[in-house]
Amino acid sequence: MRDMKGFVRLRSWLLDLVSLDLHVLTDKGVKQRVKDFLDLLFGATDLYHESENDWEHDIFWPLNNVSQSRIRLIELFQSLESEWYDSITVTLVDLQFYTTLNLQSCVRVDENGCEIVDHTGLFEFLSNAHRTLLRQSQIANTSHNTQLDAETRCTLESCVVENNLREVLFALNVSYESWNDWPTSYSRNPSVVLLTTGAKTSFTICCTSSPPAIRITVLPESSAILLFEVLFTHY
């Protein structure tokens, strides 16, 4: 899951760079650089052959597929739709001691701005719950201890899976925010649109590549809204 989160975040950084470069180059009026950049973005992946020392080549090389001819920017976007599965399997247990457990108090915002279940808070919360059960004499024999251990393990595993899901979806949402930004950077200057042959058609194709992603089952509402904004604002 760490690789998946890193993969998605890298895509968001690339999309941010696309918007930033278009913004800076356009403001400086460097038309040839803008044209070269647009040719790169809207070019087909099997038609682009640059020196391996070129930074653009190094960035987009993992997305190239010589068996297909697709717009490079669309490939960058569609790479976000990769299917993923959590390798952690939660052993479900019928709760007896933790039936009223509410972990909402353990939710914290991490350094990236994602709401996750904080491990330190969770351990402290479960320890307090354990002590309460002991004081109430609800843990009276080995069978009770075994059941409590199973419930604790199930709770911890479930929180790990939940955090993984939250972090991946958060990273996807950040990437879709970046995807929402670049069309504005591109279309803010009409003269830029005319610099590349077929740019308007390619731009429209890129903006209308959103619908398949919108159908993703676990896609958060906030991400779907961002994709709809691109679709209806620039189509």
Side-chain angles (χ1 to χ4, degrees), residues 1-16 62-63 76-179 210 212-228:
M1 292 301 295
R2 181 178 300 176
D3 291 342
M4 179 61 188
K5 288 178 282 188
F7 174 87
V8 174
R9 285 172 183 163
L10 173 61
R11 268 53 189 173
S12 72
W13 295 336
L14 290 178
L15 289 168
D16 283 338
L63 302 178
L76 177 58
F77 174 74
Q78 290 178 339
S79 68
L80 298 173
E81 301 175 34
S82 302
E83 292 186 4
W84 56 274
Y85 303 93
D86 202 316
S87 59
I88 299 176
T89 302
V90 179
T91 304
L92 298 179
V93 177
D94 291 330
L95 299 181
Q96 297 178 17
F97 300 109
Y98 289 158
T99 52
T100 60
L101 202 64
N102 185 354
L103 299 179
Q104 190 59 38
S105 62
C106 300
V107 175
R108 301 284 188 273
V109 178
D110 68 7
E111 64 275 9
N112 297 313
C114 176
E115 288 190 345
I116 60 171
V117 180
D118 179 63
H119 292 163
T120 302
L122 176 61
F123 290 141
E124 182 178 353
F125 188 82
L126 292 178
S127 295
N128 291 336
H130 192 186
R131 285 194 292 269
T132 299
L133 291 170
L134 289 174
R135 284 198 304 267
Q136 295 173 349
S137 300
Q138 295 190 44
I139 311 298
N141 52 50
T142 303
S143 177
H144 289 165
N145 277 318
T146 301
Q147 175 66 24
L148 183 60
D149 288 345
E151 291 185 24
T152 301
R153 177 172 298 178
C154 177
T155 300
L156 293 174
E157 290 175 344
S158 298
C159 287
V160 171
V161 171
E162 175 67 18
N163 278 351
N164 287 339
L165 177 61
R166 285 172 178 246
E167 290 172 350
V168 169
L169 293 182
F170 179 81
L172 280 174
N173 192 64
V174 171
S175 295
Y176 290 139
E177 286 179 351
S178 301
W179 177 258
S210 300
I214 294 173
R215 295 197 299 266
I216 297 176
T217 306
V218 296
L219 186 70
E221 180 181 347
S222 56
S223 296
I225 291 174
L226 289 170
L227 295 178
F228 273 117

Please say whether more than 12 non-hydrogen atoms of neighbouring residues, nucleotides or ligands are located less than 6.0 Å from CG in D94.
no
In Å, rounded to the nearest 0.5 Å, how long is the span from CZ of F97 to OG1 of T155?
12.5 Å
Determine, stepwise, if the pair R135 / T132 fulfils side-chain contact (heavy atoms from CB on, under 4.5 Å).
CA-CA 5 Å; R135 284 198 304 267; T132 299; 3.3 Å; yes
For G121 and D118 the tightest heavy-atom approach is N-OD2, 2.8 Å
Is H130 reaching over with its side chain to a backbone N or O of L126, donor-acceptor style, under 3.5 angstrom?
no
Do other residues, nucleotides or ligands put more than 12 heavy atoms under 6.0 Å from the CZ atom of R108?
yes
Do the side chains of Q147 and V93 get nearer than 4.5 Å, heavy atoms only?
yes
Is there a side-chain contact between V174 and R9, using heavy atoms and a 4.5 Å cut-off?
no
Show the nearest heavy-atom pair for residues V109 and E115, with the distance to one decimal.
CG2-CG, 3.9 Å
Would you say the side chains of Y98 and T152 form a donor-acceptor pair under 3.5 Å?
yes
Heavy-atom side-chain proximity of Q104 to V107 below 4.5 angstrom:
yes
Within the 4.5 Å heavy-atom criterion, are V90 and C154 side-chain neighbours or not?
yes
Main-chain N/O of V117 paired to N163 side chain as donor or acceptor, under 3.5 Å
yes
Taking the cut-offs as 6.0 angstrom to the six-membered ring centre and 45 degrees off its axis, would you call R166 and F170 a cation-pi pair?
no
Would you check if the side chain of N141 reaches a backbone N or O of S143 as a donor-acceptor pair within less than 3.5 Å?
yes
How long is the span from the CG atom in L122 to the NE2 atom in H119, to the nearest 0.5 Å?
7.5 Å
Donor-acceptor contact present, side-chain S175 to main-chain V8, <3.5 Å:
yes
side-chain contact (heavy atoms from CB on, under 4.5 Å) between E157 and T91: does it pass, once the steps are laid out?
CA-CA 8 Å; E157 290 175 344; T91 304; 4.3 Å; yes
Roughly how far, to the nearest 0.5 Å, is CG of L165 from CD1 of I116?
13.0 Å
Decide if atom CD of Q138 counts as having more than 12 heavy atoms of other residues, nucleotides or ligands within a radius under 6.0 Å.
yes
Least distance between heavy atoms, N102 atom then F125 atom:
O-CZ, 3.3 Å
Side chain proximity check, L103 to C159, heavy atoms < 4.5 angstrom:
yes
What one should report as the nearest heavy-atom pair of D86 and V161 is OD2-CA, 3.8 Å
N/O donor-acceptor pair under 3.5 Å between N173 side chain and L169 backbone
no
Quick one: pull up CD in E167 and CG in D110 and give me the separation to the nearest 0.5 Å.
6.0 Å
